[in-house]
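Data block below; observations after.
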Amino acid sequence: MVSSPHTQLITIVIIARDAEQTIARALRSVLTEGCDYPILLVDDSVKGTTASIANEIAGSSLKIVQPIQHIGAGNARQTALAHIDTPFALWLDADDELYPGALAQTEHTFRNSSPDIIITGADLYDSDSGQFIKTLPIPDFMFSQYGPALLLERNWCPSLQIGFKTEFARSVSYDTAFLACEDYDFVLQALCHQAVFDIQNRIGIKYFAHANSLSRDLNKTKNFTRQAQKKITSADIENIMKHYAVPVLFRNWIQASRHVSMGEYEAVHSYCKTLLSEKDIFPPYGQTLSWLAHYIKATSYFSDNKWKMSLNHLNEAYNVSDLSCDLANNLAVCSYNLGNHDEAKKYLSLALALNPEYMDAIRNLSLIENQTNI
């Protein structure tokens, strides 16, 4: 371990595993701030030169913790919490890059309002080419009074560049068994601790996407997302909803959406009963609660291979609002599995007309053309 004393307010914390190709870029984005911020690197590599490269670049600013063996994402983050010497810290992935000024803005926020958690947006880049793909801003609805509670439904945070109060994070802790989605699990547990969020309308980092990232492993992501949601008790959810003053009808939608992701379909239908005729718009999707209730009921039947019942609710959703690419794709899958292959092709064509880059529709159309089941 290499360490040096610091008196700064914020530590930049990097979790790395075999990050020889990217760690220099991440560290230089910190060092260019020019304020000698302390950096903590938890190098979860079994072999490789990540630590030596980092030490050569960051020198006395750097503290390195190297577990004896590979310990996984959640365990690595929990290990990091034990080695932070400052009252606040900021996560930075080993393959990402801070924008100039991001640290100064984060420090300013902590000095002036001392929130438990700071969340910002990100710009998405292709890791191989280095080309900009798109901006991932904080969605507008997250700035409402009840915005943080919407994280119960799904992770609306665009990146892992989260600032946090060190003692608060230690009180929440990371689940050491999580090999993916440990950040989402942490945020859900922070909600249970009634965290004070500062959600900021700025872009803090360059987020580099690559084919082998954990977030691209959909099965692992789905599994750990479900585990994170199942850890939240009914009492936790009620307390969170009350604390963030979530409107009653929105509470029912959040519950229905959570239960469909957990595979608990009877609960989905129960929560949807009060929503099927509601015309209020739910902000994240810009759709009425009625549309969403039909769509989520269709999704539950879809997931249970009950194609006819799913198709009925998808058609009800189509009657409520205009066709969306998601709705068209799901209509196609149901139609195909009911033997209506021409109808399936029609809906997939409509989905791609609405969004030519919609990967689910592209894949499903290719499977049909190759006479493979979808």
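In what follows, residues are counted from 1 in the order of the sequence shown. Only this structure's heavy atoms are used, side chains among them; waters, hydrogens and symmetry mates stay out.
- A salt bridge is absent between Asp185 and Arg226; no separation between the charged side-chain nitrogens and carboxylate oxygens falls under 4.0 Å.
- Between Leu98 and Leu92 there is a side-chain heavy-atom pair separated by less than 4.5 Å.
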What do the steps show when you test Arg25 against Asp95 for side chain to side chain contact (heavy atoms under 4.5 Å, CB included), and what is the final call? CA-CA 8 Å; Arg25 180 182 67 204; Asp95 54 355; 4.1 Å; yes
Show, in sequence, the C-alpha distance, side-chain angles and deciding distance for Lys134 and Asp123, and conclude whether the salt bridge (Lys or Arg N to Asp or Glu O under 4.0 Å) test is met. CA-CA 6 Å; Lys134 62 181 178 180; Asp123 280 338; over 6 Å; no
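- For the pair Ala51 and Leu41, the tightest heavy-atom approach, listed with the atom from each and the gap, is CA-CD2, 4.3 Å.
- In summary, the side chains of Ser321 and Gln287 do present a donor paired with an acceptor at a separation below 3.5 Å, with no hydrogens or angles considered.
- Taking both residues in full, the closest heavy atoms of Ala344 and Ile368 are given as CB-CD1, 3.9 Å, listed atom of the first, atom of the second, then distance.
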Start with the C-alpha gap between Tyr37 and Ser61, add the side-chain angles, then the distance that decides, and say whether side chain to side chain contact (heavy atoms under 4.5 Å, CB included) holds. CA-CA 7 Å; Tyr37 286 97; Ser61 296; over 6 Å; no
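- For the residue pair Ser45/Asp43, the side-chain donor-acceptor check at 3.5 Å is satisfied.
- When hydrophobic clusters are built by joining Ile, Leu, Val, Met, Phe, Trp and Tyr residues whose side-chain heavy atoms come closer than 4.5 Å, directly or via intermediates, Ile281 is not grouped with Trp253.
- The environment of Lys306 atom NZ is sparse: at most 12 non-hydrogen atoms of other residues, nucleotides or ligands sit within 6.0 angstrom.
- The salt bridge (charged side-chain N to carboxylate O under 4.0 Å, His left out) test with Asp175 singles out one residue from Lys231, Lys230, Arg77, and that residue is Lys231.
- Residues Asp140 and Pro283 fail the side-chain proximity criterion, which asks for heavy atoms closer than 4.5 Å.
- One distance of note links CD1 of Ile23 with CG of Asp93; it measures 10.0 Å at 0.5 Å rounding.
- Looking at residues two or more places apart in sequence or on another chain, you find no ring-ring contact (aromatic ring centres under 6.0 Å, His included) involving His70.
- Residues Leu311 and Leu331 have side chains in contact (heavy-atom distance under 4.5 Å, counting atoms from C-beta outward).
- In this structure, Ile254 CD1 and Arg251 CZ are separated by 9.0 Å, a value rounded to the nearest 0.5 Å.
- Note: Glu33 CD to Ile12 CD1 = 8.0 Å, rounded to the nearest 0.5 Å.
- Taking a cutoff of 4.0 Å between a charged side-chain nitrogen and a carboxylate oxygen, Arg111 and Glu107 qualify as a salt bridge.
- Placement of Ile362 and Leu354 within a single hydrophobic cluster is found when ILVMFWY residues are connected by side-chain heavy-atom separations under 4.5 Å, directly or transitively.
- In this structure, Val13 and Ile84 have side chains that are in contact, with non-hydrogen atoms separated by less than 4.5 Å.
- Using a cut-off of 4.0 Å between Lys/Arg side-chain N and Asp/Glu carboxylate O, Lys165 and Asp116 are scored as salt-bridged.
- For Asn239 and His243, the side-chain atoms include no donor-acceptor pair closer than 3.5 Å.
- Taking CZ of Phe164 as the reference point, atom CZ of Arg170 lies at 8.5 Å (rounded to 0.5 Å).
- Linking Ile, Leu, Val, Met, Phe, Trp and Tyr whenever their side-chain heavy atoms come within less than 4.5 Å puts Val320 and Val268 in one cluster.
- Ile119 and Leu81 fall within the same hydrophobic cluster, defined by Ile, Leu, Val, Met, Phe, Trp and Tyr side-chain heavy atoms under 4.5 Å apart, directly or through other members.
- Salt-bridge annotation for Lys63 and Asp85: present, with a side-chain N of the basic residue lying under 4.0 Å from a carboxylate O of the acidic one.
- Separation of atoms CZ (Arg258) and CD (Glu264) is listed at 8.5 Å; rounding is to 0.5 Å.
- Between Asp198 and Ser113 the shortest side-chain heavy-atom distance falls below 4.5 Å.
- With Tyr244 as the fixed residue, the side chain to side chain contact (heavy atoms under 4.5 Å, CB included) test singles out one of Leu150, Leu151, Leu191: Leu191.
- Placement of Val196 and Ile199 in two distinct hydrophobic clusters is found when ILVMFWY residues are connected by side-chain heavy-atom separations under 4.5 Å, directly or transitively.
- Contacts of Phe250 classified as ring-ring contact (aromatic ring centres under 6.0 Å, His included), with partners at least two apart in sequence or in another chain: Tyr146, Phe282.
- Defined by atom type and a distance below 3.5 Å, a donor-acceptor pair is present between the side-chain atoms of Asp326 and Tyr358.
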Ignoring hydrogens and angles, write down the donor-acceptor pairs under 3.5 Å from the side chains of residues 290-298, residues two or more places apart or on other chains.
residue : atom : partner : partner atom : Å
Ser290  : OG   : Leu276  : O            : 2.7
Trp291  : NE1  : Ala317  : O            : 3.3
His294  : ND1  : His313  : ND1          : 3.1
Tyr295  : OH   : Asn330  : ND2          : 3.1
Lys297  : NZ   : His269  : ND1          : 3.0

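- Residues Gln78 and Ser173 bring no donor and acceptor atom of their side chains to less than 3.5 Å of each other.
- When only modelled atom types and interatomic distance are considered, Ser129 and Asp126 share a side-chain donor-acceptor pair under 3.5 Å.
- Contact between Pro158 and Ala122 at its shortest, heavy atoms only, is CG-N, 4.3 Å.
- Contact of the Glu153 side chain with the Gln229 side chain is not registered, since no non-hydrogen atoms from C-beta on lie closer than 4.5 Å.
- Leu249 contributes atom CG, which lies 6.0 Å from atom CG of Leu289 (distance to the nearest 0.5 angstrom).
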Kindly determine whether Glu20 and Ile53 satisfy side chain to side chain contact (heavy atoms under 4.5 Å, CB included), including the steps that lead there. CA-CA 7 Å; Glu20 291 88 353; Ile53 293 172; 4.0 Å; yes
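- The aromatic ring centres of His259 and Tyr265 sit 6.0 Å or more apart.
- Within the 4.5 Å cutoff, no side-chain heavy atoms of Asp342 are placed close to those of Tyr336.
- Between Tyr174 and Trp91, the ring planes are perpendicular. Angles over 60° get that label, and only those under 30° would be called parallel.
- Contact between Phe224 and Ala180 at its shortest, heavy atoms only, is CB-O, 3.4 Å.
- Of the listed residues (Tyr207, Phe208, Tyr99), just one forms a ring pair (Phe, Tyr, Trp, His ring centres under 6.0 Å) with Tyr125, and that residue is Phe208.
- Both tests pass for Arg154 against the ring of Trp156: distance under 6.0 Å to the centre and angle within 45° of the axis.
- Heavy-atom contacts from other residues, nucleotides or ligands closer than 6.0 Å to CE of Met309 number 12 or fewer.
- Heavy-atom contacts from other residues, nucleotides or ligands closer than 6.0 Å to CG of Asp322 number 12 or fewer.
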Decide side chain to side chain contact (heavy atoms under 4.5 Å, CB included) for Val42 and Ile14; before the verdict, give the C-alpha distance in whole Å, the side-chain angles of both, and the deciding distance to 0.1 Å. CA-CA 6 Å; Val42 177; Ile14 301 175; over 6 Å; no
